[in-house]
Amino acid sequence: MTDSWATFGADLHLEPVGGTGLRSGLMEALREAVRSGRLAPGTRLPSSRALAADLGIARNTVADAYAELVAEGWLTARQGSGTRVAQRSAPRRADPVAARTRPARPRTGHSLKAGSPDVSSFPRTAWLRAARKALTAAPDEVFDYGDPRGRVELRTVLAEYLARSRGVYADPERIVICSGFVHGLMLLGTVLRGRRVRELAVESYGLDLHRDLITSTGLAAPCLELDHLGSRTGELTAMRGTGAVLLTPAHQFPTGVPLHPDRRAAAVDWARSTGGLVLEDDYDGEFRYDRQPVGALQGLDPERIVYFGTASKSLAPALRLGWMVLPRGLVAEVLEAKGPSDWMSGTLDQLTLAEFIASGAYDRHVRSMRLRYRRRRDQLVAALAERAPGIEVSGIAAGLHAVLELPPGTERSVVQAAFQGLRLEGLATYRHPGAPAGRDALVIGYGSPSESAWAGALDALCRVLP
């Protein structure tokens with residue numbers, strides 16, 4: 001990247017940020033120029049075409065950087081006025097007496113909690129392009145009440161996408177759009193309760209939010225133990241009151257263990273012999289790094305397995321878009337549970353996602369993020385090998401988190417030591433109340449920090465490890 005804008009006519013030098021991509025480096029350089037006052041409020045910036053030519057980079061890279069900085073409030077863009085530095089009020093000087101007496105605010109620090117993607121990498125420009133195209137082509141009926149199953153455009157492209165990418169047997173008629181996994185689980189809990197099911201088994205490590213939601217529908221949530229081969233699904237036959245089981249077979253959350261093929265078969269055999277249901281949470285099945293992704297369990301028996309997918313990990317939780325691929329005999333009951341008060345998720349976002357997938361933008365984004373997350377995973381492993389060689393890492397073949405084994409009795413002290421500047425969670429946080437005490441470990445979410453924050457978060461982690 002060249003370091004000046006010759007055609008802009010201003011002697012403005014941008015210091016590229018080392019170790020970042022072109023777009024991230026350009027964005028940080030522009031932020032620094034605004035912060036330092038070298039770019040005054042109201043200053044008009046060169047067009048994306050002119051700046052791209054001066055810097056020797058693609059125009060789309062500059063356009064994407066401009067668009068994101070506009071969204072963040074650093075720049076403004078108006079037709080006919082170009083792109084300008086936003087007007088920003090000068091910070092008000094603190095009263096010197098108040099400054100001496102008011103306690104300092106605690107630092108926010110870095111977050112390495114599992115379960116979140118890097119939301120700073122949301123593809124704003126591509127999403128906006130898909131939204132504009134979808135809205136332009138949308139028929140008038142889109143703005144009225146619609147099919148409680150969700151828009152057929154989205155269900156159609158999802159059926160094709162899930163079949164080729166996850167091995168899911170799906171057609172649009174057995175897909176129901178929901179507002180994320182929690183919403184879908186709530187609907188299934190209501191249906192199971194209506195079928196007089198008493199228990200929905202869960203894995204011995206998982207989210208307490210899911211357990212609480214299950215019990216709130218009137219079902220018990222006994223735990224199914226797991227080990228290095230995944231959940232012990234062969235033990236389901238001894239759980240007499242259980243009519244369904246919730247599994248994360250591709251990448252167990254949070255231990256990261258894929259369900260062994262024999263245990264996948266055992267789960268399906270149990271469902272067939274008892275009439276039970278397997279609820280498959282495929283929360284991050286698209287992010288596998290070292291070999292081809294493990295296919296969805298649902299393909300083994302579509303009439304006994306409910307498949308859950310979501311855009312929360314691949315795009316952003318804020319979209320509130322998820323989907324269920326249901327056995328045919330369950331569709332009507334789920335739609336009834338969805339009810340007249342919640343017929344559908346936001347139609348315009350559904351149409352945008354449908355266009356985003358159909359255009360190939362979704363595949364491109366997933367591939368890009370897969371490379372980014374894999375790089376972070378590799379950096380995590382390398383940093384631990386250098387700075388904490390006694391720490392064993394597991395669950396890293398896929399997903400957005402890793403498990404760091406700790407010496408016995410140290411989990412709580414490490415989490416407490418990190419509290420001031422680093423948010424992370426121990427493995428015990430996810431243990432079912434009915435499960436025996438397990439090993440000491442940390443669950444590290446390496447997906448959530450932004451690109452600019454990742455290095456600092458990794459350094460902070462290494463400093464608190466024993």
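For the numbers below, each heavy atom of this structure counts, side chains included, while hydrogens, waters and symmetry mates do not.
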Closest heavy-atom contact between [X] and [Y]?
X	Y	value
A337	V191	CB-CG2, 4.0 Å
P436	R431	O-CD, 3.2 Å
P254	V403	O-CG2, 3.3 Å

*Go through S204 and E225 one step at a time and tell me if the side chain to side chain donor-acceptor pair (under 3.5 Å) criterion holds.*
CA-CA 5 Å; S204 55; E225 300 245 356; 5.1 Å; no

What I'd like to find out is whether the side chain of [X] reaches to under 4.5 Å of the side chain of [Y], using heavy atoms alone.
X	Y	result
L112	W454	yes
P117	F122	no
V268	V278	no
P433	R211	yes
V334	M324	yes
T190	R195	no
L371	Y289	no
V306	P327	yes

Return the [atom1] to [atom2] distance between [X] and [Y], rounded to the nearest 0.5 Å.
X	Y	atom1	atom2	result
D64	L26	CG	CG	10.5 Å
L319	T352	CG	OG1	9.0 Å
E68	S24	CD	OG	8.0 Å
L404	L461	CG	CG	6.0 Å
T248	L297	OG1	CG	11.0 Å
C223	E235	SG	CD	9.5 Å

Just by modelled atom types, is the [Y] backbone N or O under 3.5 Å from a matching donor or acceptor in the [X] side chain?
X	Y	value
H432	A221	yes
T274	W270	yes
R263	G230	yes
E411	A441	yes
T429	E425	no
K113	G445	no
D281	L247	no
R232	D227	no
R166	A163	no
D440	T410	yes

Lys/Arg N to Asp/Glu carboxylate O, [X] vs [Y], below 4.0 Å:
X	Y	result
R129	E355	no
R370	E286	no
E28	R23	no
R264	D301	no
R376	D118	yes
R164	D363	yes

[X], [atom1]: over 12 other non-hydrogen atoms inside 6.0 angstrom:
X	atom1	answer
Y169	OH	no
R412	CZ	no
R272	CZ	yes

_T255 and V443: CA distance, side-chain angles, deciding distance, side chain to side chain contact (heavy atoms under 4.5 Å, CB included) verdict_ = CA-CA 8 Å; T255 66; V443 181; over 6 Å; no

*Dump the intermediate steps for side chain to side chain donor-acceptor pair (under 3.5 Å) on S121 and E451, then the final yes or no.*
CA-CA 8 Å; S121 298; E451 282 288 278; 5.9 Å; no

*asked:* Set out, in order, the CA-CA distance, both residues' side-chain angles and the distance that settles side chain to side chain contact (heavy atoms under 4.5 Å, CB included) for L321 and I177, then state yes or no.
replied: CA-CA 7 Å; L321 282 173; I177 305 301; 4.3 Å; yes

*asked:* L384 vs V393, test: side chain to side chain contact (heavy atoms under 4.5 Å, CB included). Steps then yes/no.
replied: CA-CA 9 Å; L384 293 174; V393 190; 3.3 Å; yes

*Derivation and outcome, side chain to side chain donor-acceptor pair (under 3.5 Å), residues R59 and S48*: CA-CA 6 Å; R59 182 185 180 188; S48 59; 3.1 Å; yes

_Applying side chain to side chain contact (heavy atoms under 4.5 Å, CB included) to Y307 and L279, what does each step give before you reach the verdict?_
CA-CA 6 Å; Y307 175 90; L279 311 187; over 6 Å; no

*S312 and T310: CA distance, side-chain angles, deciding distance, side chain to side chain donor-acceptor pair (under 3.5 Å) verdict*: CA-CA 5 Å; S312 295; T310 174; 3.0 Å; yes

*According to the interplanar angle, ranging from 0 to 90°, do the rings of H251 and H401 count as parallel (below 30°), tilted (30 to 60°) or perpendicular (above 60°)?*
tilted

_For F253 together with Y430, are the ring centres under 6.0 Å from each other?_
yes

